[in-house]
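Presented below is the structure to which this report refers.
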Amino acid sequence: MPRNYGLDILRILSICGVVAIHVFGLRVGAEPKAGRGWWAAVAIDIGFIWVVPVFVMISGALLLGSRQVLEAPAAFYRKRALRLVPALIFWNAVYLVGVRIWMRHEHLTTARMLQLIYDSSVFTQLYFLWLILGLYAIAPLLATFITARDGHRAVLTAGSLLAVTVLAYMVPGILAHFGISRPIPLNVFTFWLPYVGYFAAGYALRKVRLRGLPLAAAAVVTAALVVFTVWHFGHPGVLALADQLVSTSYLGVGVALTAIGVFVVGLSVSEFIKVPRRAGALLVALSNASFGVFLVHLVIFETIRLNVPAVLEARSFTAIAGAYMVTLAASFAVSWLASKVPLLRRVF
């Protein structure tokens, strides 16, 4: 049976978006927060806000229906532990010691290091390792439940979990309107919880394919959601009600709908793409390298940021765009080369 490259394409687009968020986000957070350069950075940064939910949905689509998860959970746990635990230890050490202490010259006490680890905030992207570890832990249980009957159970489960999560993360915004601060803290043991709905949704929607008018309508709505999210981020206070109800976060209702739209539209459009064999091999190689890109790209970008004044100042869109291209290309190259070295392969 020919391979469907839809998930590979989505994974490649998502990792390009992750790198974009982390690189262009530097310009978004810097002054002046105005002008074409700043708005271009916002459009790229916030325009890719769906990438982490889609990554989780891809994992759900691949794992929750797999025979190993359902029939041999012990083998599944062993395989995933051998893949994830070495990377978890290695990259936390790299960013804690290599980046924070050696490159940034931060003075970290034992208490501060323990706090960073417990809060899964050793570095920007490393929370995802704890997130995916938790989802792997519950995968056999969740798969057994949602695959026990027809697809309706999977859809209802994913919808219910996403609805509860979105509501839970909407309430703090409403309470803030009344001067009540109720953030939802997460740590290494709980980071996975808000993403179970996305995980289940990936499985529930993995076979949905739209055509014709429904596909066009879904694409337009998804694009409109992206445009609104970018505009909303750049105009805080203009729509007070939206500020309270529609947060620009991975767990906001707008982002959840956008992620679902990107997932379904992306897989549907991929059905019309005829991929030649050589191009398919390249797509698979890039897709397989995405995990390593996720892990290594901020080491590369931090090296650029600390040594290129225009990037460090974060005022020039051109400099940031150049840093993005170099970071992305170098990250894919490093990840691909590491996959050829047996020892390095275990942490990439």
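Basis for what follows: all heavy atoms, side chains included, without hydrogens, waters or symmetry-related copies.
- Within the 3.5 Å criterion, the main-chain N or O of Phe189 finds a donor-acceptor partner in the side chain of Asn187.
- In this structure, the ring of Phe348 has its center less than 6.0 angstrom from the ring center of Trp91.
- The shortest side-chain heavy-atom distance between Val311 and Glu313 does not fall under the 4.5 Å cut-off.
- The OG atom of Ser270 sits 7.0 Å away from atom CG of Leu10, with the distance rounded to the nearest 0.5 Å.
- Here CG of Leu162 is found 11.0 Å from OG1 of Thr157. Values are rounded to the nearest 0.5 Å.
- Put simply, the side chain of Val253 reaches to within 4.5 Å of the side chain of Met170, judged on heavy atoms.
- With a 4.5 Å cut-off on side-chain heavy atoms, Pro194 and Leu186 count as touching.
- Using modelled atom types, no side-chain atom of Glu271 and backbone atom of Arg209 make a donor-acceptor pair closer than 3.5 Å.
- With rounding to the nearest 0.5 Å, the separation of CD1 in Ile21 from SG in Cys16 is 11.5 Å.
- For the pair Val69 and Leu63, the tightest heavy-atom approach, listed with the atom from each and the gap, is CG2-O, 3.3 Å.
- Taking the six-membered ring for Trp and the full ring otherwise, Tyr136 and Tyr77 have centroids separated by 6.0 Å or more.
- The backbone N or O of Val28 lies less than 3.5 Å from a partner atom in the side chain of Trp38, making a donor-acceptor pair.
- The side chain to side chain contact (heavy atoms under 4.5 Å, CB included) with Leu26 is formed by just one residue from the set Ile320, Leu312, Asp45; it is Ile320.
- Ring pair Trp50/Phe48 is tilted by interplanar angle, where 30° to 60° counts as tilted.
- The two residues Ser268 and Leu215 come nearest to each other via the heavy atoms CB-CD1, 3.7 Å.
- Distance CG/Leu135 to CZ/Arg80: 12.0 Å, rounded to 0.5 Å.
- Side-chain atoms of Ser335 never come within 3.5 Å of backbone atoms of Ser331 as a donor-acceptor pair (strictly under, hydrogens ignored).
- Although no hydrogens or angles enter the test, the distance criterion places a donor-acceptor pair under 3.5 Å between the side chain of Asn288 and the main chain of Val284.
- Looking only at side-chain heavy atoms (C-beta outward), Pro140 and Phe76 come within less than 4.5 Å of each other.
- Remark: side-chain polar atoms of Thr222 are paired, donor with acceptor, to backbone N or O of Ala218 under 3.5 angstrom.
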Subject >> Stepwise side chain to side chain contact (heavy atoms under 4.5 Å, CB included) test for His22 and Leu298 >> reply: CA-CA 8 Å; His22 295 153; Leu298 283 178; 3.8 Å; yes
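- In the hydrophobic cluster analysis, where Ile, Leu, Val, Met, Phe, Trp and Tyr join through side-chain heavy atoms closer than 4.5 angstrom, Leu175 is grouped apart from Val164.
- Note that the CZ atom of Arg11 and the OG atom of Ser287 stand 4.0 Å from one another [nearest 0.5 Å].
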Original post:
Between Asp243 and His177, is a side chain to side chain donor-acceptor pair (under 3.5 Å) present by the stated rule, with each step listed?
Top reply: CA-CA 10 Å; Asp243 290 344; His177 178 70; over 6 Å; no
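- When atom types are taken as modelled, the side chain of His297 and the backbone of Val293 share a donor-acceptor pair closer than 3.5 angstrom.
- The hydrophobic cluster containing Val99 also contains Val326, counting ILVMFWY residues as joined when their side-chain heavy atoms lie under 4.5 angstrom apart, directly or transitively.
- In this structure, Phe233 and Val230 have side chains that are not in contact, with every pair of non-hydrogen atoms separated by 4.5 Å or more.
- By the criterion of side-chain heavy atoms lying less than 4.5 angstrom apart, applied directly or through intervening Ile, Leu, Val, Met, Phe, Trp or Tyr residues, Leu62 is grouped together with Val262 in one hydrophobic cluster.
- Inter-residue side-chain proximity for Val56 and Phe128 is flagged as met; some heavy-atom pair is nearer than 4.5 Å.
- Taking 4.5 Å as the limit, every side-chain heavy atom of Arg112 sits out of range of all side-chain heavy atoms of Glu106.
- Note on Arg104 versus Glu302: salt bridge recorded, some NZ/NE/NH1/NH2 to OD/OE distance being below 4.0 Å.
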**OP:** Begin with the C-alpha distance, continue with both residues' side-chain angles, and end with the deciding distance and a verdict on side chain to side chain contact (heavy atoms under 4.5 Å, CB included) for Tyr198 and Val52.
**Re:** CA-CA 10 Å; Tyr198 286 124; Val52 168; over 6 Å; no
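- Nearest approach of Leu295 to Ala87, heavy atoms of both residues: CD1-CB, 4.4 Å.
- Tested against Ile9, the residues Leu13, Ile12, Leu7 include a single side chain to side chain contact (heavy atoms under 4.5 Å, CB included) partner, Leu13.
- In this structure, Arg100 is not positioned above the aromatic face of Tyr95 in the sense of NZ or CZ being under 6.0 Å from the six-membered ring centre and within 45° of the axis.
- Scanning all heavy atoms of the two residues, the minimum distance from Leu64 to Ala200 falls at CD1-CA, 4.0 Å.
- Contact annotation: the side chain of Phe291 approaches that of Arg83 to within less than 4.5 Å [non-hydrogen atoms, C-beta and beyond].
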Original post:
Would Arg278 and Leu282 satisfy side chain to side chain contact (heavy atoms under 4.5 Å, CB included), going step by step from the backbone distance to the final call?
Top reply: CA-CA 6 Å; Arg278 288 187 178 181; Leu282 177 61; over 6 Å; no
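- Note on Val221: it does not cluster hydrophobically with Ile260, by side-chain heavy-atom contacts below 4.5 Å among ILVMFWY residues.
- The ring-ring contact (aromatic ring centres under 6.0 Å, His included) contacts involving residues 298-342 comprise Phe24-Phe317, Phe24-Tyr324, where partners must be two or more places apart or lie in separate chains.
- Surrounding CG of Leu343 are at most 12 heavy atoms belonging to other residues, nucleotides or ligands under 6.0 Å away.
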Original post:
Between Val171 and Arg182, is a side chain to side chain contact (heavy atoms under 4.5 Å, CB included) present by the stated rule, with each step listed?
Top reply: CA-CA 8 Å; Val171 169; Arg182 286 295 182 273; over 6 Å; no
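- Relative ring orientation between Phe191 and Tyr195 is described as parallel, the plane-to-plane angle staying below 30° on a 0-90° scale split at 30° and 60°.
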**OP:** Report the C-alpha separation of Arg345 and Ser339 in whole Å, then their side-chain angles, then the decisive distance to 0.1 Å, and conclude whether the side chain to side chain donor-acceptor pair (under 3.5 Å) test is met.
**Re:** CA-CA 5 Å; Arg345 188 186 304 142; Ser339 71; 5.9 Å; no
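- The two residues Ala314 and Arg27 have their closest heavy-atom pair at O-CD, 2.9 Å.
- Contact record, Leu108 with Met113: CB-CG, 3.7 Å, taken as the closest heavy-atom pair.
- If you take CH2 on Trp192 and OG on Ser120, they are separated by 13.5 Å, rounding to the nearest 0.5 Å.
- In the hydrophobic clustering of this structure, Val246 does not group with Val42; members are Ile, Leu, Val, Met, Phe, Trp, Tyr whose side-chain heavy atoms approach within less than 4.5 Å, directly or through other members.
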